[in-house]
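Proteins come first, then strands; the chains are lettered A, B, ... in the order of their sequence lines, and each starts at number 1.
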2 protein chains.
Amino acid sequence: MDVTTIELDQVLRQGGYRATSPRRIVWDALRRAAGHVTVEELAAEVGDEVDLASIYRALAVFEELGLARMSRLGDGDAGRWEPAHPDEHFHLVCTECGDVDHHIGSLVAQIRDHLDEGHGFQTDNVELVVNGRCRRCRS
Amino acid sequence: MDVTTIELDQVLRQGGYRATSPRRIVWDALRRAAGHVTVEELAAEVGDEVDLASIYRALAVFEELGLARMSRLGDGDAGRWEPAHPDEHFHLVCTECGDVDHHIGSLVAQIRDHLDEGHGFQTDNVELVVNGRCRRCRS
DNA sequence: TTGGGTGCAAACTCTTTGCAGCGTT
DNA sequence: AACGCTGCAAAGAGTTTGCACCCAA
């Protein structure tokens with residue numbers, strides 16, 4: 001699923017929300033970003049076109065519609081946003097160089113299956129953040 | 001490893017920190033708690049014996065010494081603390097009843113191995129939070 | 001036309017920090 | 001005696017909210 005700006009309007013309306021200019025602008029900025037952007041970075045990207053409060057509100061709507069996703073990659077870090085990826089994925093955070101690697105694999109599906117079968121737990125959402133040292137920094 | 005109050009003093013000193021009364025009180029409260037306590041809850045537990053700022057500072061020291069661990073179980077939630085568990089573990093959070101289940105298993109070790117062998121990533125810390133519906137709420 | 005959405009500013013929560021005095025080493 | 005730690009109060013970051021106006025449906 002690649003939600004373009006045009007499709008965004010439909011998804012919003014189907015969810016009972018209005019298709020507005022600020023939401024389109026925030027969505028475009030989020031897609032344009034390489035991922036893992038803070039709200040502040042998004043604000044810088046959209047300049048003064050959209051108010052900070054409206055960015056927060058837009059992202060909350062996107063999250064509810066399953067369009068976007070927030071993670072906290074460090075202890076006291078601010079929330080970082082990215083378009084929701086259809087494939088389950090998780091984040092490798094290098095504590096040395098700060099690099100964040102997107103990792104798509106079967107691990108999340110394995111976790112889901114394991115919990116469903118063994119524990120009767122119906123998984124909605126898996127938040128997996130792995131801290132460590134990446135290959136380059138391992139020396 | 002079960003770090004009692006008496007052992008705490010040793011661990012602190014070995015780490016280059018002083019063994020003080022506020023740290024002992026916070027540590028005892030953390031161990032007495034069922035786990036997953038917020039700083040505010042700890043503050044209520046210790047009454048006015050220890051200042052809020054000192055609780056934060058004590059927990060930061062415990063984390064550095066590997067004695068305690070913080071997780072964020074929900075999107076906008078405050079940090080929740082627990083004594084560090086020797087076995088790798090993760091959290092199952094039921095979005096229906098709010099119950100948090102500690103889950104100890106081989107999953108975290110599997111993740112560690114997978115990343116080390118396949119990607120050269122040396123894992124320090126795995127933060128895994130699974131949201132969903134527990135067996136009871138599944139109806 | 002109507003009510004959901006927006007900008008603006010103020011408030012709020014969680015957490016950190018500066019500083020003078022206290023207590024561990 | 002020295003200096004790390006504490007309480008207190010104030011500041012700071014990130015995020016939310018109240019309200020009047022605006023605009024999508």
For this session: Consider the side chain of A/V39, meaning its heavy atoms from C-beta on, and name the nucleotide among C/dT16, D/dT15, C/dT15 that approaches it most closely.
Result: D/dT15
Exercise. Choosing from C/dT6, D/dT17, D/dT6, which nucleotide comes nearest the side chain of A/S54?
Worked result: C/dT6
For this session: Could you tell me whether A/E40 atom CD has more than 12 heavy atoms of other residues or ligands within 6.0 Å of it?
Result: no
Seminar exercise, completed: DNA chain D nearest-nucleotide lookup for B/L52 and B/R18: closer to the 5′ end is B/R18
Problem set entry | Separation of atom OH in B/Y17 from atom P in C/dT24, rounded to whole Å | 19 Å
Exercise. For C/dT15, does OP1 or OP2 lie under 4.0 Å from any side-chain N or O of B/Y56?
Worked result: yes
For this session: Tell me whether the OP1 or OP2 atom of C/dG5 has a side-chain N or O from A/R23 closer than 4.0 Å.
Result: yes
Exercise. Looking at side-chain heavy atoms only, is the closest gap between B/L59 and B/L42 below 4.5 Å?
Worked result: yes
Exercise. With respect to A/V130, which candidate in B/T123, B/V108, B/D124 satisfies the side-chain contact (heavy atoms from CB on, under 4.5 Å) definition?
Worked result: B/T123
Exercise. Tell me: CG of A/D51 to P of D/dA20, nearest whole Å?
Worked result: 17 Å
Problem set entry | Nucleotide D/dA13, atom C1' - distance to CZ of A/R72 in whole Å | 11 Å
Exercise. Should the ring pair B/H91 and B/H102 be called parallel, tilted or perpendicular, given that the plane angle runs from 0 to 90° and is split at 30 and 60?
Worked result: parallel
For this session: Between B/T20 and B/W81, name the one whose nearest nucleotide on DNA chain C is closer to the 5' end.
Result: B/W81
Problem set entry | Length of the line joining A/D9:CG and D/dC23:C1', which is rounded to integer Å | 14 Å
For this session: Hey, could you give me the CE/CD distance between A/M70 and A/E82, rounded to the nearest 0.5 Å?
Result: 10.5 Å
Problem set entry | Interatomic distance where CD belongs to B/E41 and P belongs to C/dT13 [whole Å] | 16 Å
For this session: Send over the distance from B/L59 CG to C/dC14 P, rounded to a whole Å.
Result: 15 Å
Problem set entry | Between P of D/dC23 and CD1 of A/I25, the distance in whole Å | 13 Å
Exercise. Base, sugar-phosphate alone, or nothing: which one does B/R57 contact when heavy atoms must sit under 4.0 Å apart?
Worked result: base
Exercise. D/dC5 P sits how many Å from B/L65 CG, rounded?
Worked result: 11 Å
